[in-house]
Amino acid sequence: MHKDLQARQEQMRQRQLGRVDSPCAPVTVAARVGYPVDYSEPVEYISDVIQFQHWPQRSGVYLLAEGHRFYIGQSIDVPARFASHRLKPIGCKFEDPRCALLAEVPFRDNWPYAKNTHVRLNAEARFITAALSLGMPLTNTLSEYTRAKLRSKFADVSRETERIKKAVKFLC
């Protein structure tokens, strides 16, 4: 694995643990401020659907495919997250998945980290809802209650549906 990719994966782990590396020394961040996910907010996508090859760091929503099974996820660093799926395939239940970036979601430096995360979670929920409406066999862990809640949450996921169809064409 490339050293820069390993470093990016370590940065993701540190952010998840609430630690930020400074030039002087690691500093523990104070308790995180909660921002509720506002699913009514529209999500801005800044890229077209892209098949994974080698990307620089990108924040967004991705689709994994293997056979006729799919997984939709989100990450602040999609290439590093895809590499971790390949190294530890437990979460997505795949052995050798293919990946497509469904949408790059902008990371805003002037927003708190949690608010940026919630924008990606909103986008991910929209894509999962679109996949459910298409009848795709997702390996995401979703209860029937969660599936019904997602279906009722979004009135229009046509943009997301078109992006998924485009990604599936070159993944399968």
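The first residue of the sequence shown is numbered 1, and numbering continues consecutively from there.
Every side chain to side chain donor-acceptor pair (under 3.5 Å) that Asp96 has, sequence neighbours left out, goes to Arg86. For the side chain to side chain contact (heavy atoms under 4.5 Å, CB included) test, residues two or more places apart in sequence or in another chain that qualify with Asp156 are Ser158. Residues that satisfy the side chain to side chain donor-acceptor pair (under 3.5 Å) test with Glu124, not counting sequence neighbours, are absent from this structure. In this structure Ser152 satisfies the side chain to side chain donor-acceptor pair (under 3.5 Å) test with no other residue, sequence neighbours excluded. Applying the side chain to side chain contact (heavy atoms under 4.5 Å, CB included) criterion to Lys153, with sequence neighbours excluded, gives Tyr39, Lys149. Residues that satisfy the side chain to side chain donor-acceptor pair (under 3.5 Å) test with Ser47, not counting sequence neighbours, are absent from this structure. Listed by chain and residue number, Leu150, Phe154, Val157 satisfy the side chain to side chain contact (heavy atoms under 4.5 Å, CB included) test with Thr129 (two or more places apart in sequence, or in another chain).
For the pair Gly60 and Arg120, the tightest heavy-atom approach, listed with the atom from each and the gap, is N-CD, 3.9 Å. Smallest separation of non-hydrogen atoms from Ala167 and Ala100: CB-CB, 4.0 Å.
For residues 161-172, the side-chain hydrogen bond (donor to acceptor under 3.5 Å, both in side chains) pairs, not counting sequence neighbours, are Asp48-Lys166. Evaluation of the ring pair (Phe, Tyr, Trp, His ring centres under 6.0 Å) test over residues 124-145, restricted to residues two or more places apart or in two chains, returns Tyr45-Phe127.
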Extract all donor-acceptor atom pairs below 3.5 Å that involve side chains of residues 102-109 and protein atoms in other chains or at least two apart in sequence.
residue: Arg108; atom: NH2; partner: Glu44; partner atom: OE1; Å: 2.8

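Using a distance-only test at 3.5 Å, with no hydrogens or angles considered, a donor-acceptor pair links the side chain of Asn140 to the main chain of Ile72. When atom types are taken as modelled, the side chain of Thr117 and the backbone of Tyr113 share a donor-acceptor pair closer than 3.5 angstrom.
Ile46 and Ile164 fall into different hydrophobic clusters, defined by Ile, Leu, Val, Met, Phe, Trp and Tyr side-chain heavy atoms under 4.5 Å apart, directly or through other members.
Using a 4.5 Å heavy-atom threshold, the side chains of Trp111 and Val119 count as touching.
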